[in-house]
Amino acid sequence: MITALRSSLSIVAVAGGLLLGALPAQAEPQTYRIDPEHFSIGFLIDHLGYQKQLGMFLEGEGEFVYDEQTQALSSGRVEIPAASLFTNHEKRDEHVLSDDFLNAKEYPSIVFEATDFNAESDTQGSLTGDLTLLGETHPVTLDVTLNKAEKYPFGHKQYTLGLSARTTLSRSEWGMTYGVDNGMVGDEVELIFEFEGIRQ
């Protein structure tokens, strides 16, 4: 009888193990820090209708808390020093950093705070957040693509998410109106983000 009882308990234990294995794993949000060596921040803006001027910010930092299994974003923050602007023309850089545009002396940081992420597939989604620029904060939505999610093959060798994000905003919404009325400089700005988030 004892032998039969032990056999029954073993069967129950195995069945319980199989059942637990079939249940979905509990959500585990992880913190990801943006690798500053692989963080490209670009923008495009119309110049008199002749071309779209390409510029960059050469510095930026940020991190986010994300559950890859449920595709839920708990938080996210990116901060960009305005003075890191680069358009490959010294005089133009000085102008864009002046109070006609970024007013970098009074507002040294551009900050994005994520508020929500809506996953549309395993690799695509919409990221909503608040952008603070020139002392004003307004919502923006970015189209996000997950390019790759794997352990890095060399260097830090940590699990890494490779991401691309795009959005277009009207700079006048933040009070940056220089050159808009006379068509000298476009109001719409295309923002381009390419980055790698390293799991901590």
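Owing to the predicted nature of the structure, the values given are computational and were not obtained by experimental measurement.
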Pair up each side-chain donor or acceptor in residues 99-108 with any protein partner under 3.5 Å, not counting sequence neighbours, and list the distances.
| from | atom 1 | to | atom 2 | distance (Å) |
| --- | --- | --- | --- | --- |
| Asp100 | OD2 | His95 | NE2 | 2.8 |
| Asn103 | ND2 | Glu106 | OE1 | 3.2 |

Tabulate below the donor-acceptor pairs under 3.5 Å that side-chain atoms of residues 132-142 make, not counting sequence neighbours, or state none.
| from | atom 1 | to | atom 2 | distance (Å) |
| --- | --- | --- | --- | --- |
| Thr132 | OG1 | Thr137 | OG1 | 2.7 |
| Glu136 | OE1 | His138 | NE2 | 3.1 |
| His138 | NE2 | Glu173 | O | 3.1 |

Donor-acceptor pairs under 3.5 Å, side chain of residues 185-193 to any protein atom, not counting sequence neighbours: which ones?
| from | atom 1 | to | atom 2 | distance (Å) |
| --- | --- | --- | --- | --- |
| Asp187 | OD1 | Arg171 | N | 3.2 |
| Asp187 | OD1 | Ser172 | N | 2.9 |
| Asp187 | OD1 | Ser172 | OG | 3.1 |
| Asp187 | OD2 | Ser172 | OG | 2.8 |
| Glu190 | OE2 | Lys52 | NZ | 2.3 |

Side chains of residues 33-46: which donor-acceptor pairs under 3.5 Å do they make with residues two or more places apart or in other chains?
| from | atom 1 | to | atom 2 | distance (Å) |
| --- | --- | --- | --- | --- |
| Arg33 | NE | Glu63 | OE1 | 3.4 |
| Arg33 | NH1 | Gln200 | OE1 | 3.2 |
| Arg33 | NH2 | Glu63 | OE1 | 3.4 |
| Asp35 | OD1 | Glu37 | N | 3.0 |
| Asp35 | OD2 | His38 | ND1 | 2.9 |
| Asp46 | OD2 | Gly49 | N | 3.0 |

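By the salt bridge (Lys or Arg N to Asp or Glu O under 4.0 Å) test, Arg92 pairs with no residue at all, sequence neighbours left out. The ring pair (Phe, Tyr, Trp, His ring centres under 6.0 Å) check on Tyr32 picks up Phe64, with sequence neighbours excluded. Scanning for side chain to side chain donor-acceptor pair (under 3.5 Å) contacts around Gln51 gives Gln53, with sequence neighbours left out. When the side chain to side chain donor-acceptor pair (under 3.5 Å) test is applied to Ser126, the partners found at least two apart in sequence or on another chain are Glu120. By the salt bridge (Lys or Arg N to Asp or Glu O under 4.0 Å) test, Glu59 is found to be paired with no residue, residues two or more places apart in sequence or in another chain being considered.
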Task: side chain to side chain contact (heavy atoms under 4.5 Å, CB included) between Leu163 and Thr145, intermediate numbers included - done: CA-CA 6 Å; Leu163 296 153; Thr145 299; over 6 Å; no

Task: CA sep, side-chain torsions, deciding dist, call: Arg77, Ser75, side chain to side chain contact (heavy atoms under 4.5 Å, CB included) - done: CA-CA 7 Å; Arg77 188 177 195 275; Ser75 64; over 6 Å; no

Open item on the list: side chain to side chain contact (heavy atoms under 4.5 Å, CB included), that's the test. Do Asp122 and Leu146 meet it? Break it down for me.
Closed with: CA-CA 8 Å; Asp122 289 342; Leu146 173 63; over 6 Å; no

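The hydrophobic cluster containing Tyr152, built from Ile/Leu/Val/Met/Phe/Trp/Tyr side-chain heavy atoms closer than 4.5 Å, also comprises Phe154. Under a 4.5 Å side-chain heavy-atom criterion applied to ILVMFWY residues, the cluster that includes Val111 comprises that residue alone. Side-chain heavy-atom separations under 4.5 angstrom define the hydrophobic clusters, and the remaining members of the one that includes Phe86 are Met56, Leu58.
A 4.5 Å side-chain heavy-atom check between Met184 and Leu48 finds at least one atom pair inside the cut-off.
Gln158 contributes atom CD, which lies 7.5 Å from atom NZ of Lys151 (distance to the nearest 0.5 angstrom).
Side-chain atoms of Ser164 and Asn147 include a donor-acceptor pair closer than 3.5 Å.
A single hydrophobic cluster is not seen to contain both Tyr50 and Val180; linkage of ILVMFWY side chains at heavy-atom distances under 4.5 Å, directly or through other members, places them apart.
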